[in-house]
Amino acid sequence: MVTNTTEPWALSCGPYSITKDGLNPWFFTAPAVLLSFYCLSFAWSSIFSYNFPVFGVKSLWEPIIVSNLRFFRSAETVLHEGYLACRDGIFQFRRVGTTMLVLPPKYVDDIRRLPNHIASPTVAHVHNLMGSSTNMDIILHNDLHFRTIQRKLTPNLNILIQPMQDELNFVIEHRLTKSEDEWVTIKPYHMVADVVARVSARIFLGKPICRNPEWLEVSTQFTENVFMSLVFLRFFPMWTHGLLNWLMPSSYKGSACLRNAKKLLVPEVIRRREMNTQGINEPGESQPNFLSWMMEIATPQERDPATLAHLEVVMSLASNTSQINSVQVLYDLLAYPEYLEPIRKEIRSVVNEVGPCMSWGKLAFSKLRKLDSFMRESQRFNPPTLLSMHRVFLEETVLPDGMVLPKGAHTAMALSAIQNDPEVTPEPEIFDGLRYYKLRQREGEANLHQFSSTQNRILNFGHGANACPGRFFASLEIKVILVRLLMDYEFKLKYGSERPENLRAHEFIYPNPDAEILMRWRPASERLEI
Ligand code: HEM
C-alpha cells in the first residue's frame, strides 16, 4: 500500500488512514463494530429490563456503559433521586450485565421473612462481589463461617475482650508513636488497617500465628484486590470476565493472597488436629479463636484444611468494614472535635466505676453510650455501602400486596436514602453525634438505637435473620480500639486541611486512604490506666 505523504491529512498508518487507493477498510469496520456493540447493549438492556421506572439514565438510547459510569461516579445521587421520586414504589438502575431493582422500605419485613431458597442473600452477595472472579464464590457452597460467628464468636464476645486488648497493647507498644512533644504525620487509613488487621487476626487465628507478617499482608491485600477487581469488572459484560481475569493484576494478586493463606494455614490446621488427637493443649491456643472453633463445628464435608483457610480469608474481607468504620469515626471526631471531651469523660467514668480498662468486660463497653451514638451517626453519614439486604430471587415471588418479583431479579434496599429520609431521621443534614444517645434516654428505648442494632428503617447491617452476623463483634472491636486510641493519643488535622473527603465507587464509600493527619502521645497522666 502506498501512502500519500504529500497530503497533510494523510496518515501513514492507523485505522482511519486514507490512502491513494481509497479508504482503509477499517474506516468502515470500526464504526460498524462500535454501532453493533451499541445496538446489542441497547437491545440487551431493553429486553432484560423490568417494567419499573429507571434512574441513572439520561435517555433510553443511552449506551449502558454510560449509565454504568454515572452510577459508578454518582450512585448516591441516583439512589436518592430514585427513592424520592418513587417512595413506596420499586425503581431500577442499570449496570452492565445486570438490572438492579431497588425496593422501597415498606417491603423490608416481607423480604426478611422470605426463605433463602426463594430469595437468596448469598447468591446476591456473590453476584454483587463478582464472586466467580474474586474467589468469593466459596460462600455459595459453605456457610461454616456464618454458623461459627453465630454459634461461637458472638456468644463468646466477653472472653474475647482480653485477647483483643492484649494484642492492642502489643500494637501500641511496637507500632505506634511514642512522641509526646512532637506531632507525627500519619495516614490514618493505613494505621487503623494495621491495628484492626492485628486485633482481628488474634481472634480469627490465635497466637502466635496472628503475628505472622505473611498473614497480615494477606488479610489486608486480599480485600483491596477484591474491591479493585469488582469495581473494574462491573464495567464489562459477564462473558468477558474470564478473559479479564487473566489480564487484571488485581485478579492474580487476589488469587496469590489466597494461595499464600492456604500455604500458611493448611499446615496449621493439620498441626492443631494432630495436637487435638494427642490431647495436647498449647498455651497460646488455650485462648479460643475462630479457626479452632470452625475446626470444632465443621461437618465431615467441611473439614478440608484448604477450605478452612479460604473461609479465614473471607472473614478478613468481612471485617474490613470495621476498619473503614473506625477511620470514619476518627475523621468525624476531627471534623466535630466538640464531641471528643464528652466521649473521653464517659470513658473515664467507666474506669472509675469498673476499674482499669484491661479488666473491662462486655458490660463495661456497653456503658459507652456516647461513643456508640457517635459511631452510629458517623455510619449514617459515611455508610460503607449505600445498598443492603441484597437478594437474588430463585423463584418468581408474589409479595403480600400482590407485587410480583420475577425469577432472577436482583433486589436491594437503598439504606442511606431510607435512613436520611426526614421521616426516619429528623434534620438528616445535621451531624448530631449524640443523636442516638438522646433517643436512648427515652422511656423504654434504652436498649434501642445502638450501633449494632438493626431496625426496619436502619439497614446498615441489613435486617432479620440474614443481617450481618459479625456486627456485635464489629461494634465491640471498634470500641476496644477507639477507647485506647482516643485516650492515649491526640489527633489533629494538618494545618489548613479539612475532613478528608470520602472516595466513592459504585455503591461503596471509602475513607480517603492517602489523607494525612497529625498524631502524638498524650502525657502519661492523661493516658488510660491499663
Ligand atoms: C462495621 C462493620 C460491618 C458492617 C457495616 C457490615 C455490614 C454487613 C452487611 C450490610 C451485610 C449484608 C447483610 C444484608 O444486607 O442483608 C453483611 C453480611 C455479613 N457480614 Fe458484615 N459488616 C461489618 C462487619 C463484619 C464483621 C467484623 C464480620 C465478621 C466477624 C462480618 C461478617 C459478615 C458475614 C459473614 C456476612 C454474610 C455474608 C454471607 O452471606 O456469607 N461483618 N455485613
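Start at 1 and go down the list; that is how both ligands and their atoms are numbered.
Nearest to atom 1 (C) of ligand 1 among the protein's heavy atoms is Asn325 OD1, 3.4 Å. Closest protein heavy atom to atom 39 (C) of ligand 1: His125 CD2, 3.7 Å. Nearest protein neighbour of atom 30 (C) of ligand 1, counting heavy atoms only, is Met315 CE, 3.5 Å. Among protein heavy atoms, atom 10 (C) of ligand 1 sits closest to Asn460 O, 3.3 Å. When hydrogens are left out, the protein atom nearest atom 37 (C) of ligand 1 is Phe146 CE1, 3.7 Å; that is the closest non-hydrogen contact.
Under 4.0 angstrom from ligand 1, there are no non-hydrogen atoms of Ile324.
Atoms of ligand 1 found under 4.0 Å from any heavy atom of Arg391 (numbered from 1 in listed order, with element): 16 (O). Using a 4.0 Å cut-off to heavy atoms of Asn466, the atoms of ligand 1 that qualify are 13 (C), 16 (O). Applying the 4.0 Å criterion to heavy atoms of Ser322 picks out, from ligand 1, the atoms 2 (C), 27 (C).
A cation-pi contact, defined as under 6.0 Å to the ring centre and within 45° of the axis, links Arg211 to Phe170. Under a cutoff of 6.0 Å and an axis angle of 45°, Lys407 and Phe393 do not form a cation-pi pair. For Arg376 and Tyr436, the positive end sits near the middle of the six-membered ring, less than 6.0 Å away and at most 45° from its axis.
Ring centroid separation for the pair Phe431 and Phe374 comes in under the 6.0 Å cut-off.
A donor-acceptor contact closer than 3.5 angstrom is absent between the side chains of Asn466 and Arg112. A donor-acceptor contact under 3.5 angstrom links the side chains of Tyr107 and Asp401, judged on distance only. In the model, Gln419 has no side-chain atom that pairs as donor or acceptor with a side-chain atom of Ser416 under 3.5 Å.
Between Glu477 and ligand 1 there is no heavy-atom distance shorter than 4.0 Å. The closest approach between Gln379 and ligand 1 falls below 4.0 Å for a heavy atom of the residue.
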Discussion item. Quick one, Phe93 with Phe55, criterion ring pair (Phe, Tyr, Trp, His ring centres under 6.0 Å). Give me CA distance, side-chain angles, the key distance, then yes/no.
Written reply: CA-CA 5 Å; Phe93 67 86; Phe55 283 80; over 10 Å; no
From CA spacing to verdict: ring pair (Phe, Tyr, Trp, His ring centres under 6.0 Å), Phe72, Phe235: CA-CA 9 Å; Phe72 168 78; Phe235 285 105; 5.2 Å; yes
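The backbone N or O of Cys357 sits less than 3.5 Å from a side-chain atom of Gln165, completing a donor-acceptor pair.
For residues 446-486, the set of pairs meeting the ring pair (Phe, Tyr, Trp, His ring centres under 6.0 Å) definition, not counting sequence neighbours, comprises Phe204-Phe473, Phe451-Phe461.
Contact check on Lys253 versus Glu224 returns no salt bridge, with no Lys/Arg side-chain nitrogen under 4.0 Å from an Asp/Glu carboxylate oxygen.
Comparing Arg112, Met389, Met375, His145 by heavy-atom distance to atom 14 (C) of ligand 1, the nearest is Met389.
Around atom 21 (Fe) of ligand 1, protein atoms of type N, O or S found under 2.8 Å number 1.
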